[in-house]
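Worth knowing before you read on, the calculation uses all heavy atoms, side chains too, and leaves out hydrogens, waters and symmetry mates. Counting starts at 1 for both ligands and their atoms, following the listed order.
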Amino acid sequence: MDDQKQIQEFEARIERGEKIEPKDWMPERYRRQLIRMISQHAHSEVVGMLPEGNLITRAPSLKRKLVLLAKVQDEAGHGLYLYCAAETLGVDRSELIGQLLAGKAKYSSIFNYPTLTWADIGVIGWLVDGAAIVNQTMLAKASYGPYSRAMIRICKEENFHKRQGYEIVATMAKGTPEQKRMVQDAVNRWWQPSLMMFGPHDTDSPNSAELMRWQVKTKSNDELRQRFVNLTVPQAQAVGLTLPDPDLRYNDETGNWEFGEIDWEEFWAVVRGNGPMNKERMQARREAHQEGRWVREAAEAYARKRHQPKAG
Ligand code: 3HC
């Protein structure tokens with residue numbers, strides 16, 4: 001058990017708005033929670049490359065292909081930042097990746113849905129990266145220094161991701177009738193899964209209370225989800241697209257867009273590995289890890305050679 005006095009001093013530091021750094025004392029629970037959250041975030045970034053990667057060779061123009069390539073590469077970089085942030089807590093990324101590949105670690109449910117048309121690339125940038133920005137802007141204020149600093153850099157790139165997506169959506173929404181139908185179909189498929197990215201309701205969130213007490217999260221799952229809906233409805237209206245929710249209505253008193261209940265049965269099925277694309281995503285990650293083995297071995301051999309004491 002950690003000394004009660006140390007915990008009080010730790011929590012007083014957080015109350016004063018101080019950042020907790022890797023070498024600072026922290027409760028073991030705080031460290032374990034951060035490893036869980038940051039590693040799953042990193043896994044999500046890398047798995048998140050797969051749905052969009054599926055459309056790189058199908059981009060409608062060289063310009064669209066260049067933008068999508070840049071975005072997918074950014075996601076790989078986000079994964080690397082976040083594995084580095086997790087490693088400041090005394091774990092090794094090989095252990096974290098091993099947990100993912102063994103099916104013992106989660107990644108975001110959103111990446112277990114198929115990308116069927118080019119419109120999906122626009123809608124993912126607009127809705128999925130848009131949801132990520134709402135979440136990550138909050139995490140940029142997290143009490144753990146390395147995580148909050150990684151978020152600041154990532155949020156800058158996410159804003160580009162969202163803008164390029166929304167530009168694709170706007171272009172298709174005012175394009176041919178077939179393009180408008182295609183982008184509306186993509187919105188219909190990605191809207192609910194995007195709401196699920198924020199996690200279960202606060203009342204069903206076993207981690208939130210502790211994460212909020214220690215200001216890793218400064219807003220709850222439901223608060224962030226509501227903020228995302230409030231931002232997104234006017235954006236959909238601006239390009240003449242309909243969000244697939246008959247219960248969507250504006251509440252003048254609260255200033256919120258109220259929305260219908262999420263299909264939590266689907267959510268938990270996807271989180272437990274039974275979503276439309278879970279098996280394909282994990283197979284792709286396992287194959288990539290196996291194919292990349294020689295790169296890791298070469299890098300490790302080079303690092304050993306460089307750190308060998310000079311003879312003579
Ligand atoms: N997908 C998969 N698992 C989810 C989930 C989701 N959308 N939402 C919640 N869960 C899991 C949690 O991991 C937890 O399981 P665990 O205890 O075994 O880890 C369980 O469901 C209960 O959820 P809680 O609300 O108690 O969990 P958290 O307090 O950790 O909240 C979270 C969940 C909101 C995802 C939070 O962990 C978080 O903010 N994580 C950091 C951000 C992140 O991971 N985003 C993922 C998307 S990455 C991305 O957007 C890339 C961008 O480029 C598109």
Side-chain angles (χ1 to χ4, degrees), residues 29 32-52 70-83 85-86 96 99-100 103-113 121 123-142 144 147-148 150-151 153-162 164-165 190 192-225 228 262 264 266-275 278 281:
R29 278 289 302 168
R32 296 304 317 161
Q33 273 285 20
L34 283 166
I35 291 171
R36 174 191 69 86
M37 198 167 157
I38 299 173
S39 61
Q40 289 180 173
H41 196 162
H43 299 332
S44 303
E45 299 282 2
V46 176
V47 173
M49 295 165 70
L50 294 167
E52 291 174 305
K71 178 182 190 300
V72 172
Q73 284 170 347
D74 279 352
E75 308 298 8
H78 296 175
L80 290 178
Y81 295 146
L82 290 163
Y83 283 126
L96 301 173
Q99 289 164 0
L100 172 72
K104 295 195 182 99
K106 294 181 172 69
Y107 60 90
S108 185
S109 52
I110 190 69
F111 298 122
N112 290 306
Y113 291 85
I121 297 304
V123 172
I124 286 173
W126 173 36
L127 297 184
V128 176
D129 290 75
I133 290 168
V134 170
N135 178 299
Q136 293 167 168
T137 306
M138 178 265 297
L139 292 171
K141 303 180 187 76
Y144 188 58
Y147 197 22
S148 69
M151 285 298 104
R153 168 70 185 266
I154 287 176
C155 283
K156 286 184 183 135
E157 293 174 344
E158 294 291 10
N159 275 300
F160 148 68
H161 297 171
K162 177 176 177 180
Q164 63 84 37
W190 288 95
Q192 267 252 341
S194 300
L195 298 181
M196 295 173 184
M197 286 176 69
F198 294 96
H201 279 312
D202 300 345
T203 46
D204 300 324
S205 170
N207 296 293
S208 282
E210 201 167 45
L211 289 171
M212 291 186 79
R213 188 167 96 242
W214 286 333
Q215 293 188 33
V216 176
K217 279 182 170 179
T218 47
K219 291 204 181 313
S220 74
N221 296 358
D222 286 326
E223 282 175 304
L224 291 174
R225 193 176 358 254
F228 170 68
I262 290 167
W264 294 112
E266 176 182 324
F267 170 76
W268 289 114
V270 176
V271 171
R272 291 186 183 115
N274 304 312
N278 293 61
R281 301 295 184 232

Handout entry: Sequence neighbours excluded - salt bridge (Lys or Arg N to Asp or Glu O under 4.0 Å) pairs with any residue from residues 211-224
Key = Glu11-Arg213, Asp222-Arg225

Practice task
Please name all residues satisfying ring-ring contact (aromatic ring centres under 6.0 Å, His included) with Tyr113, sequence neighbours left out, ordered by chain then number.
Solution key: none

Handout entry: Partner residues of Tyr107 under the ring-ring contact (aromatic ring centres under 6.0 Å, His included) criterion, sequence neighbours left out
Key = none

Problem - Residues in the immediate environment of ligand 1 (any heavy atom closer than 4.0 angstrom) - result: Arg36, Met37, Gln40, His41, Ser44, Glu45, Glu75, Lys106, Tyr107, Ser108, Ser109, Phe111, Val128, Asp129, Ala132, Asn135, Leu139, Tyr147, Glu158, Met196, Met197, Phe198, Gly199, Pro200, Ser205, Pro206, Asn207, Ser208, Leu211, Lys217, Asn221, Phe267, Trp268, Val271

Problem - Plane angle bin for Phe198 and Phe228 - parallel if under 30°, tilted between 30 and 60°, otherwise perpendicular - result: tilted

Exercise for the section: Specify whether Tyr81 and His78 have parallel, tilted or perpendicular ring planes, treating 30° as the upper limit for parallel and 60° as the lower limit for perpendicular. Expected result: parallel

Handout entry: Modelled atom types, side-chain donor and acceptor of Gln40 and His43, under 3.5 Å
Key = no

